[in-house]
**Student:** 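Got a structure for you, questions after.
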Amino acid sequence: MSDNLHPFRSHTCGELSRGHIGEKVRLSGWIHAKRDHGNLVFIDLRDEFGLTQCVIDISSSLFNSVETVRIESVITVTGKVVERSNETINPSIKTGHVEVHMEAVVVESSADVLPMLVAGDQEFGEDIRLRYRFLDLRRNQLHKNIQLRSKVISSIRRRMTDQGFLEVQTPILTASSPEGARDYLVPSRNHPGEFYALPQAPQQFKQLLMVSGFDKYFQIAPCFRDEDARADRSPGEFYQLDFEMAFVTQEDVFNAIEPVLAGVFLEFGGDHTVTKMPFPRIPYKEAMLKYGTDKPDLRNPLTIQDVTNSFRNGGFGLFAKIIDAGGIVRAIRVPGAGNQPRSFFDKLNDWARQEGGGGLGYIIFGEDGNTKGPIAKNLETEKISEIETKTGTKNGDAVFFVSGEVGEAERFSGLARERLCTELSLRSGGQFNFCWIVDYPMFELNEEAGKIEFSHNPFSMPQGGLDALQTQDPLDVMAYQYDIVCNGVELSSGAIRNHREDIMVKAFEIAGYDRSVVEEEFGGMLRAFRFGAPPHGGSAPGIDRIVMLLANEPNIREVIAFPMNQRAEDLLMGAPSKVDDSRLRELGLKLNLPKIKTSPNSV
RNA sequence: GGGGGUGUAGCUCAGUUGGUUAGAGCGCUGGCCUGUCACGCCAGAGGCCGCGGGUUCGAGUCCCGUCACUCCCGCCA
């Protein structure tokens with residue numbers, strides 16, 4: 001072209017305003033929408049920056065070609081910026097006061113009929129969305145989410161660097177680490193029969209960096225785990241803000257990361273409030289009692305109390321029997337729920353049975369002070385008033401009860417607490433509500449195997465050190481292990497690490513592992529610990545989950561540009577896929593597949 | 001591995017108690033339309049009702065199996 005304009009664009013599609021009236025401009029973008037009036041066609045041209053209306057009428061020789069271009073084709077438009085008349089201004093777009101009168105049009109790339117629409121907010125099935133991810137990513141919501149993700153990561157990186165954290169990359173091809181998930185394995189060509197593992201987390205590397213004298217490390221680290229997906233768990237791979245600090249206590253770690261998280265959530269959280277620092281610290285045991293989970297949603301105002309003693313040897317036989325067998329009873333007081341109709345209680349009871357709980361007992365405390373329900377009928381009045389006192393119940397409230405074996409009752413009371421909250425719309429909105437869960441047990445009992453196991457990863461420092469391991473019941477030993485939770489979502493877990501060989505060997509011994517196992521599994525790290533290791537600790541908040549909360553998305557795939565589906569398949573790229581026999585031979589591999597189970601993975 | 005939900009036009013969905021020729025909106029194709037911005041109007045094409053089996057005179061609908069997607073449990077921080 002003979003003008004001096006850039007071959008593709010002089011302006012973006014979000015740029016033109018009244019100030020450009022009369023200018024000759026060039027825009028490139030996708031045809032977002034087309035309104036064809038027969039002798040007059042409007043095209044909304046879209047790029048990442050906005051929409052601009054372009055117009056052409058029958059008098060132009062280009063008219064026919066413009067009329068036939070399909071939506072989502074990419075075109076370059078050259079023309080004059082013209083003011084819109086008052087009646088035709090579109091206040092809903094930035095460029096709505098002007099339009100471009102098309103004088104030249106180049107079709108850069110024409111689009112086929114679309115499997116899903118880019119414009120509009122119709123919902124599409126997830127397999128279509130994943131297969132045509134590039135179209136989905138053009139759409140407003142997902143595009144915004146990925147932009148948000150980028151900004152969040154930049155902000156996190158800046159905040160970490162400003163605090164003196166050093167960003168270090170660690171290997172992707174490495175050895176299996178002890179997180180406990182399945183590893184993704186990569187066969188080695190140079191060492192037939194041997195495999196690399198993709199890191200489940202850079203756990204050992206960050207500890208090695210501490211031993212290497214780096215005082216504060218961080219990384220936006222990819223982590224790979226071959227485990228099944230959930231709505232909040234991306235299959236295959238995800239990202240963590242992995243960080244570690246030398247010469248720190250647990251409180252030092254909290255004080256370092258709280259301002260980063262609070263800062264990011266304030267920066268991108270819109271009008272949501274963020275928990276004031278310092279975030280509450282809740283001991284694991286307390287969390288399990290009060291909330292029935294170690295990732296409590298503190299926007300839920302309900303709490304759980306133990307009322308086992310008020311049912312022991314009481315008139316309500318079912319619970320008394322469970323208690324005799326070693327079980328417990330937990331109570332949830334729900335303010336105002338006494339006014340709910342009978343059907344409300346029945347519905348909850350049905351739900352409880354469906355969830356595998358025995359049921360959900362209740363006592364209704366009427367406005368008149370009388371109690372109602374099957375439990376109230378059978379339980380002694382003094383025991384009822386004991387419960388009333390213990391739970392702080394007032395007239396008009398209802399108290400719900402869960403009874404069973406300790407672990408099961410605890411878990412189920414947590415589910416019931418959430419259910420009641422949702423059912424009665426008690427959850428406060430507009431908050432990012434943070435807390436730390438601290439004082440996790442170092443070990444737990446595997447009921448089936450009757451064996452003591454590490455309850456988290458084996459790298460945590462036991463509270464009380466070697467002495468605690470030697471003198472206490474292992475199940476009473478707590479670790480300097482902590483989780484950070486926001487709105488019921490576990491953002492990360494971390495620990496003050498065990499940097500002492502002797503304590504580590506002892507810890508493994510309690511979990512039933514011989515010294516030789518430790519030596520074999522973590523030889524690299526043990527060796528490092530023998531040459532001067534600083535006390536250190538850290539954590540690793542999940543990036544995807546942070547963005548998911550900030551974007552207010554219920555599903556983690558909504559904040560990942562190219563996620564895999566639930567079965568860890570990439571429908572767009574066609575992964576995983578078969579490879580040529582020659583490649584297998586090179587790696588010294590021969591397939592030994594289980595009986596034919598064809599999954600047509602054709603794209 | 002187990003449980004729940006879903007599967008009907010390119011897409012999103014409706015489809016009654018089992019009953020004749022399976023519908024709508026969007027998209028697509030053609031026609032009309034010079035001020036729309038969810039443009040409008042008219043016409044049309046498009047269906048292995050996921051797949052296989054069964055019950056029945058008759059199945060999109062009921063039963064069994066299977067596959068796919070999704071949510072949950074297991075698993076996983």
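Convention: sequence-line order gives letters A, B, ...; per-chain numbering from 1.
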**Student:** Is R230(A) close enough to rC71(B) that one of its side-chain N or O atoms is under 4.0 Å from OP1 or OP2 there?
**Tutor:** no
**Student:** Between H37(A) and rU36(B), do the rings stack, that is, sit under 5.5 Å apart with planes less than 30° off each other?
**Tutor:**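 The base of rU36(B) is not stacked with H37(A) (the test needs centres under 5.5 Å and planes under 30°).
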**Student:** Hey, does V489(A) have a side-chain heavy atom less than 4.5 Å from the side chain of L491(A)?
**Tutor:** yes
**Student:** Contact class for N565(A) (heavy atom, under 4.0 Å): base, sugar-phosphate, or nothing?
**Tutor:** sugar-phosphate
**Student:** Using a cut-off of less than 4.0 Å, is there contact between a side-chain N or O of R131(A) and OP1 or OP2 of rA68(B)?
**Tutor:**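 It does not, given that no N or O in the side chain of R131(A) lies less than 4.0 Å from OP1 or OP2 of rA68(B).
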**Student:** Would you say Y196(A) has more than 12 foreign heavy atoms packed within less than 6.0 Å of its OH?
**Tutor:** no
**Student:** Do R70(A) side-chain and rG27(B) base share a donor-acceptor contact under 3.5 Å?
**Tutor:** no
**Student:** If you look at every strand shown and take non-hydrogen atoms under 4.0 Å, does Q53(A) touch a base, only sugar-phosphate, or nothing?
**Tutor:** base
**Student:** Does R35(A) have a side-chain nitrogen or oxygen under 4.0 Å from the phosphate oxygens OP1 or OP2 of rC39(B)?
**Tutor:**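 Checking rC39(B) against R35(A), a side-chain N or O does come within under 4.0 Å of OP1 or OP2.
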**Student:** Any side-chain donor-acceptor pair under 3.5 Å between T95(A) and E15(A)?
**Tutor:** no
**Student:** Report yes or no: does D544(A) contribute a side-chain atom to a donor-acceptor pair with the main-chain N or O of Y239(A) at less than 3.5 Å?
**Tutor:**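 Side chain of D544(A) to backbone of Y239(A), a donor-acceptor pair under 3.5 Å: yes, one is there.
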**Student:** Should rG1(B) form a Watson-Crick or G-U wobble pair with both distances under 3.5 Å, which nucleotide is its partner?
**Tutor:**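 Paired with rC73(B).
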**Student:** So, is R129(A) close to the rC69(B) phosphate, meaning a side-chain N or O under 4.0 Å from OP1 or OP2?
**Tutor:** no
**Student:** On the side chain of E99(A), is there an atom forming a donor-acceptor pair with the base of rG35(B) - under 3.5 Å, no angle test?
**Tutor:** yes
**Student:** Does OP1 or OP2 of rC71(B) have a side-chain N or O of Q566(A) closer than 4.0 Å?
**Tutor:** yes
**Student:** Would you kindly check whether a donor in the side chain of R233(A) faces an acceptor in the base of rC76(B), or vice versa, at under 3.5 angstrom?
**Tutor:**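 By the distance-only test, yes, there is a pair.
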**Student:** Kindly say if N555(A) contacts the phosphate of rC71(B), meaning a side-chain N or O under 4.0 Å from OP1 or OP2.
**Tutor:** yes
**Student:** Ignoring hydrogens and angles, answer whether the base of rC37(B) and the side-chain atoms of N90(A) contain a donor-acceptor pair closer than 3.5 Å.
**Tutor:**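 Check passes, donor-acceptor contact within cut-off.
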